[in-house]
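The structure appears below as structure tokens.
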Protein chains: 2
Amino acid sequence: MNDSFFQLPDNKRNKIINAGFRVFSQYTYKKSPMSEIAAEAGISKSLLFYYFKNKKELYLYLCRYSVEVTQQAMIEQNCYDNEDFFDVFLSGLKVKVQLMKSYPELSVFQLKAYYEKDKELRPEINRLIGQYSGFENQADSLGLKKEKFADGLDLEMMYKDMYYASEGYLWEKLQNNDIDPDKMEKDFVRMIGFWRKLYSRNNNEE
Amino acid sequence: MNDSFFQLPDNKRNKIINAGFRVFSQYTYKKSPMSEIAAEAGISKSLLFYYFKNKKELYLYLCRYSVEVTQQAMIEQNCYDNEDFFDVFLSGLKVKVQLMKSYPELSVFQLKAYYEKDKELRPEINRLIGQYSGFENQADSLGLKKEKFADGLDLEMMYKDMYYASEGYLWEKLQNNDIDPDKMEKDFVRMIGFWRKLYSRNNNEE
DNA sequence: TCCTTACTGACCGAATCGGTCAATGACATT
DNA sequence: AATGTCATTGACCGATTCGGTCAGTAAGGA
């Protein structure tokens, strides 16, 4: 990987990165042409090979970068130092949405990478992305304390409901290519508000 | 399209159809190789071209067939002659799940077809699939009568919650290649039960 | 024996893809 | 002005892939 890639002005470098995210998330690794990435980034294929010595290097760089930028965003959005369950959930969604502003296809790219089957890639992807750090495993760590919720509520079902609804919403928008981060954030805020009122012990407040 | 294709025994014909669904739903139309479909169906590429005169004909046949078989299932499951909102919703989900038993990739195929961008295919796909007949437009026609639900409930949000959660669930299972129709149906029944209790006016019953 | 029909493997021309390379132009140094 | 460095390109290459064809084969029925 050539150093000059990092000396590039941000907008030009991001254009290449986003082109990579887009192409690799639309096709399989093997069926993703370097030529298409170059064209979409507005540079020649040769130059792309000047920055990255081959396709594999570009792909793995994008993997690393996607993880890096996600973690960075999680920290900036201070996702963890909230104690209210609904606030934590919302801040997690905000990160996803915020990231889409800069990298619309990042989340799809990560998902595809997670399921990529290419033999010579699989081990390295595992090393980079590791366990999928989605929401579904966080149920326990989110401090679900029964006292705060309505009587007789099935907390597990509540969590699944919220998790799947969020995923379903995001997935539909991505499929529709209807990516409007600000609208998404508003939708999520409204959705969380709906749930908070529905699930909380005292729903006559607010 | 050769008649002999229809004279095939069901299992052999379905093997070809499912191979087509799988390949076309994994890749774009253009990047879906006839050879891969043939191999997965256990026949020679030549024979596939004996049944269908070219790739386009096979693809469009699969489009027609997917619509046909879906409508058939909707009728058999008598989706429409139910009056309770939750029952209607559940029967719709049951159709999807039931279809997966015979054609695991059908729903993904239809979705991909809906978003396929190939120029010479686009108009014909529109003619065959038409408006996407998902759940999201059915909200009004499902007879949502306020009296039946809890006080002050935002019915639109309730519907969106249920719709997106179902989509999110299905989508995750499809991505994970974790397709177990019976388990899915049980999950849906449980989920609908949760919602019914949560949203209904008298939730002390049941 | 002859005809039809289901089916195959070998083959073809065209396109695509990953990757290379010589050349060019911009710019800084001498 | 001459030299050197480096970003950038288009043309090119060999390998592979892909849609589609075709001659041929094996099976069965007339």
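The chains referred to below are lettered A, B, ... by the order of the sequence lines, with proteins before strands, and numbering in each begins at 1.
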Need one value for [X]: base, sugar-phosphate or nothing, where a base atom within 4.0 Å counts as base even if backbone is also close, heavy atoms only.
X	result
A:S44	base
A:Y51	sugar-phosphate
A:K31	sugar-phosphate

Rounded to whole Å, please give me the gap between [atom1] in [X] and [atom2] in [N].
X	N	atom1	atom2	answer
A:Q7	D:dT8	CD	P	12 Å
A:R13	D:dT8	CZ	C1'	18 Å
B:Y27	C:dC17	OH	P	14 Å
B:F5	C:dC7	CZ	C1'	15 Å
B:K55	D:dT17	NZ	P	15 Å
B:K53	D:dT21	NZ	P	10 Å
A:Y59	C:dC17	OH	C1'	18 Å
B:K45	C:dA6	NZ	C1'	18 Å

Between A:Y29 and B:L47, name the one whose nearest nucleotide on DNA chain C is closer to the 5' end.
B:L47
Which sits closer to the 5' end of DNA chain C, B:K30 or B:N2, going by the nucleotide each is nearest to?
B:N2
A:F49 has its side chain closest, among C:dG18, D:dG20, C:dC21, to C:dG18
Side chain of A:S46 only, heavy atoms from C-beta on: which candidate in C:dA10, C:dC7, C:dT20 is closest?
C:dT20
Give the intermediate values and the outcome of side-chain hydrogen bond (donor to acceptor under 3.5 Å, both in side chains) for residues A:N18 and A:R22.
CA-CA 6 Å; A:N18 273 327; A:R22 211 275 299 154; over 6 Å; no
Looking at B:Y50, does any N or O in its side chain come under 4.0 Å of the phosphate oxygens OP1/OP2 on C:dC7?
no
Looking at A:K56, does any N or O in its side chain come under 4.0 Å of the phosphate oxygens OP1/OP2 on C:dG19?
no
Quick check against the 3.5 Å criterion: does [X] have a side-chain atom that pairs as donor or acceptor with the backbone of [Y]?
X	Y	answer
A:S91	A:V88	yes
B:K45	B:S35	no
A:K55	A:K30	yes

Terminal axes of the helix from C:dT1-D:dA30 to C:dT30-D:dA1 (five pairs each): angle between them, nearest 10 degrees:
10°
Applying ring-ring contact (aromatic ring centres under 6.0 Å, His included) between B:Y61 and each of B:Y51, B:F5, B:F21, report the one that passes.
B:F5
Which one of A:F52, A:Y27, A:Y65, A:F24 satisfies the ring-ring contact (aromatic ring centres under 6.0 Å, His included) criterion with A:Y59?
A:F24
Ring-ring centroid check A:Y103 A:F109, cutoff 6.0 Å
no
